[in-house]
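Everything on this sheet refers to the single structure shown next.
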Protein chains: 4
Amino acid sequence: MSGNSKKTTVSPSPERRRELLSTAAEVFAAQGYNATTVRRIADEAGMLAGSLYYHFDSKESMVDEILSTFLDELWAGYDEVLRAGLGPRETIEALVTESFREIDRHRAAVAIYQKESRQLAALPRFGYLTDSQRRFEGAWLGTLERGVADGVFRADLDTRLAYRFLRDTVWVAASWYRPGGQHSPEEIARQYVSMVLDGITPRD
Amino acid sequence: MSGNSKKTTVSPSPERRRELLSTAAEVFAAQGYNATTVRRIADEAGMLAGSLYYHFDSKESMVDEILSTFLDELWAGYDEVLRAGLGPRETIEALVTESFREIDRHRAAVAIYQKESRQLAALPRFGYLTDSQRRFEGAWLGTLERGVADGVFRADLDTRLAYRFLRDTVWVAASWYRPGGQHSPEEIARQYVSMVLDGITPRD
Amino acid sequence: MSGNSKKTTVSPSPERRRELLSTAAEVFAAQGYNATTVRRIADEAGMLAGSLYYHFDSKESMVDEILSTFLDELWAGYDEVLRAGLGPRETIEALVTESFREIDRHRAAVAIYQKESRQLAALPRFGYLTDSQRRFEGAWLGTLERGVADGVFRADLDTRLAYRFLRDTVWVAASWYRPGGQHSPEEIARQYVSMVLDGITPRD
Amino acid sequence: MSGNSKKTTVSPSPERRRELLSTAAEVFAAQGYNATTVRRIADEAGMLAGSLYYHFDSKESMVDEILSTFLDELWAGYDEVLRAGLGPRETIEALVTESFREIDRHRAAVAIYQKESRQLAALPRFGYLTDSQRRFEGAWLGTLERGVADGVFRADLDTRLAYRFLRDTVWVAASWYRPGGQHSPEEIARQYVSMVLDGITPRD
DNA sequence: TATGAATGAGCGTTCATTCAT
DNA sequence: TATGAATGAACGCTCATTCAT
């Protein structure tokens, strides 16, 4: 599990907590973590800055909880896919689909993860970000390599390069994706997979 | 042309200026614009914070000059490609190649652009960021649409989606690309174009 | 009314605000606005510099509130005098008396007004200083001219010169006046009026 | 003599020095001593800020030289008047006239003296400001008292109050007086003396 | 639970001053 | 004589955080 076990000031009402975290996540995603003031979050939540400290230890612990909650859920989905024993092509399809579903559910958290994780990972408490990225790389890169070995992906594929492109396009989508738009996550995933697997030029 | 015409303290030694901007760009790219203190830049440049203000008006004007210099050069390259009258496929190839060349030359500037342009664009002086993005969309999206019309790209392609994927993967590469690595920009561009155009599954 | 309507951090305890403004006014008057540091004001108030910003937006907004409060009260008094329909001599007497009463009540504010208003008036937010000065001139100069026309002031009087002398002596008194001294404001006003109206040489 | 004897960096060209001091005096008078940057003075003089330090030790030494030069000249004039053995009324007339002549010649210096002398007097090197003020008070106050004793001024005159009014109105005139205007210094002095001695109401 | 008021560290910036050239 | 470049101290201000109520 991601995040810190020494759970902070556990407020008696976990719903209020979740509301506040959701508010914080939106502001972090929109303004960036550093540029977001704790006062701004409090404003948005209809309280004073100091009052947030009844619910959370610090601004850092807010973003910590946002990211670790998201990653926990992400890995629940990924692990299910990886345990299913699918072929390389189907695994890629399933991982992409799962990723877009997470973006749909945790858009703000994904955007924060995308923009801030490199900075945050330098802090000890965010060590799980680095761990997660390692597992992430293992899952995607492994699948690509298995696909090349099995002949379902092109033999001349630079798998490390392909991994980076896959990873980046999937997550960066959080910066423009708007839930409730005209495309469902599954539809976007389908189109995306089609581009990546078959290219944008016609196959006759 | 991008950037502000009322150029600040135009010191008669533009070399020092360029050195300092290069230093600043590295720090901005590594730490983020907001998280970068002017003292940190000065440290890195071997001077005191106040001394930077002999050369620049403000922290903002530093990032302004970094970004506008980069965009001016980028558009010089893009415009040449667009004026060449190539077919859609060849245009995409040339734009991608040109982009990776810019990443190679202005890695830090591209990383800053990628991470900060949305925030900065809110400030009047950075209006050219929005202008640039509009032109950018015009160039890529137009080429994709022309390709679909000409039948050189798949008829079922969602061009807006494809544009976003192309744009994002190209620029986000600045966050992992290291100049002087084992792949030249042209080599990376070639592999990337191959993936995007033909997909990662074999065409027999 | 003077001052800015978009009142800043309107804290629900206007007493603390008034205390702090009073402290600030004393320091401004003693050291000059520019030479006064916000740290000095905070010291005098027994707090840290940053803490002042809980109560006020800026150093500028402090002097703004000091001056506009003073001018509002001044004009309340002046308007009453001007509406009373007195003769020119009695109007001058009443305006002088009212002025010394204001000096007695707002010595620091008057001293600041005297020393800094020309500089501050250049800033948009202090436009009311210029307005006030115009009304001021209208009231005094008008009364002097009426007095000359009515024959109660000397026919050879240069009214513009006389206005300047009156204005200057009245307000500059704030720089030496000490409340609680041996002369009441009314007593000083009486002596001053006597000098101005009848001169310092004996009338037999 | 006022000013400091340990004369600073004596530049070989005293004319350039005087030009620079004149420039500095104008800026000090217009913006206030504290608010005036050394860079602004240099701009006005067509040089760089650092270059001023070839001519002067410091910003302080500039204002020092401006004020002491003015006071030396003022006292030359005053002393001549005081040595002339005039009656009280004629002495007042002569002092006022001499004062307006100084304002005419040294408008900027007088304005600086008026606005800044209280602050500057706190610094050791400006001790002569306090001395000068003492002599000043002696001259004016003594004349007024002699006049009351001789019966040429009103017996009920509060001489200290009268002194302050005289002093303030004379000097504060520097803030509105413009050399080359429609009134000569002597004409202004005549009108002013007439007001002060005979009042503004008619003497039949 | 939340507020009002304060802390203290640090930030971007200014500016008088220095000095090698 | 003047410049270009830098210093270093201080300034106005911001902000995460604390805490008595």
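Per chain, numbering begins at 1; letters A, B, ... match sequence-line order. Just so you know, these numbers use all the heavy atoms, side chains as well, and skip hydrogens, waters and symmetry mates. Because the structure is predicted, anything quoted here is derived from the model rather than measured.
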Inset, instruction - When you get a sec, tell me which of F/dT3, E/dC11, F/dA16 is the closest nucleotide to the side chain of B/T37? - result: E/dC11

Legend entry - Rounded distance in Å - CZ (D/F56) to C1' (F/dT1): 13 Å

Legend entry - Base paired to E/dT21 (Watson-Crick or G-U; both N/O distances under 3.5 angstrom): F/dA2

Legend entry - Which atom of C/M62 lies closest to which atom of C/L21, heavy atoms considered: O-CD2, 3.7 Å

Inset, instruction - Using heavy atoms to find the nearest nucleotide of DNA chain F for B/R39 and B/L20 separately, return the residue whose nucleotide is more 5′. - result: B/L20

Inset, instruction - Among E/dT1, F/dG8, E/dA2, find the nucleotide with the atom closest to the side chain of A/Y54. - result: E/dT1

Legend entry - Selected nucleotide, minimal atom distance to B/A49 side chain, candidates E/dA16, F/dG8, E/dT13: E/dT13

Legend entry - Position toward the 5' end of DNA chain F (nearest nucleotide), C/S51 or B/G46: B/G46

Inset, instruction - Measure the CG-CG distance between A/D43 and A/L48 for me, rounded to the nearest 0.5 Å. - result: 8.5 Å

Inset, instruction - Ignoring backbone atoms, test whether C/R16 places a side-chain nitrogen or oxygen under 4.0 Å from the OP1 or OP2 oxygen of E/dA6. - result: yes

Inset, instruction - For A/V38, answer base if it contacts any base atom (sugar-phosphate contacts may also be present), sugar-phosphate if it contacts only those atoms, and nothing otherwise; contact means non-hydrogen atoms under 4.0 Å. - result: base

Legend entry - Of the listed nucleotides F/dA5, F/dG12, E/dT17, the one nearest the side chain of B/H55: F/dA5

Inset, instruction - Find the distance D/E60:CD to E/dC15:P and express it as a whole number of Å. - result: 17 Å

Legend entry - Check: B/S117 side chain, B/Q114 main-chain N or O, donor-acceptor pair, under 3.5 Å: no

Inset, instruction - Could you check how far CG of D/N34 sits from C1' of E/dA16, rounded to whole Å? - result: 12 Å

Inset, instruction - Please determine, by modelled atom types, if C/Y128 and C/D64 share a side-chain donor-acceptor pair under 3.5 angstrom. - result: yes

